[in-house]
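These numbers come from the heavy atoms of this one structure, side chains and all, not from hydrogens, waters or symmetry mates.
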Amino acid sequence: MPADEGTAIMVKLDDLLHARRMTLTELADRVGLTLANLSILKTGKAKAIRFSTLEAICRELECQPGDLLAYRPD
């Protein structure tokens, strides 16, 4: 895939935060990430995510990885 094309993996962090009435800043504090790094994930610009980060996000949002990520082919 060329570097300028987007990924088919969508991050649904905004929806989960809204449903949990939690701010991005609060989640960043709870999972031990910088606000900047969590924002990169939220906007879909992240190239990878560590399983430990995914686990921490799922723990704090009380969700499954499939609630956070979706595959949308082009």
Side-chain angles (χ1 to χ4, degrees):
M1 175 185 332
D4 60 340
E5 286 188 23
T7 180
I9 302 296
M10 309 300 293
V11 180
K12 302 182 290 182
L13 189 54
D14 266 340
D15 296 338
L16 289 171
L17 287 170
H18 180 73
R20 305 309 192 270
R21 292 190 168 109
M22 187 183 298
T23 65
L24 193 63
T25 301
E26 183 179 353
L27 181 61
D29 289 343
R30 287 183 177 201
V31 298
L33 289 175
T34 65
L35 185 57
N37 283 339
L38 199 53
S39 182
I40 288 169
L41 179 63
K42 183 184 82 129
T43 58
K45 294 180 181 176
K47 301 294 183 198
I49 183 170
R50 289 187 171 128
F51 280 142
S52 59
T53 300
L54 184 59
E55 180 182 354
I57 290 171
C58 288
R59 180 187 67 239
E60 293 303 324
L61 294 179
E62 298 179 352
C63 68
Q64 294 294 314
D67 299 330
L68 183 63
L69 305 172
Y71 175 69
R72 301 242 170 98
D74 291 337

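The two residues Pro73 and Ala8 come nearest to each other via the heavy atoms CA-CB, 4.1 Å.
Taken to the nearest 0.5 Å, the CD atom of Glu60 stands 11.5 Å off from the CG atom of Leu17. The CG atom of Leu38 sits 5.0 Å away from the CG atom of Leu27 when rounded to the nearest 0.5 Å. Here SG of Cys63 is found 9.0 Å from CG of Leu69. Values are rounded to the nearest 0.5 Å. Annotation: the span from Leu33 atom CG to Ser39 atom OG amounts to 11.5 Å, rounded to 0.5 Å.
For the side-chain hydrogen bond (donor to acceptor under 3.5 Å, both in side chains) test, no residue two or more places apart in sequence or in another chain qualifies with Ser52. Every residue two or more places apart in sequence or in another chain that forms a salt bridge (Lys or Arg N to Asp or Glu O under 4.0 Å) with Glu26 is listed here: Arg30. Take Asp14 and apply the salt bridge (Lys or Arg N to Asp or Glu O under 4.0 Å) test, not counting sequence neighbours, and it matches Lys42. For Asp29, there are no side-chain hydrogen bond (donor to acceptor under 3.5 Å, both in side chains) partners two or more places apart in sequence or in a different chain.
Residue Val11 forms a side-chain contact (heavy atoms from CB on, under 4.5 Å) with just one option from Leu41, Thr43, Leu16, Ile57, and that option is Leu41.
Clustering of Ile, Leu, Val, Met, Phe, Trp and Tyr by side-chain heavy atoms under 4.5 Å joins Met10 with none of the others.
Listed by first and then second residue, the side chain to side chain donor-acceptor pair (under 3.5 Å) pairs that reach into residues 16-25 come to none, sequence neighbours excluded.
Within the 4.5 Å cutoff, no side-chain heavy atoms of Leu61 are placed close to those of Asp67. For the pair Thr53 and Val31, the minimum side-chain heavy-atom distance is 4.5 Å or more.
With hydrophobic clusters built from ILVMFWY side chains whose heavy atoms lie under 4.5 angstrom apart, Phe51 does not share a cluster with Ile40.
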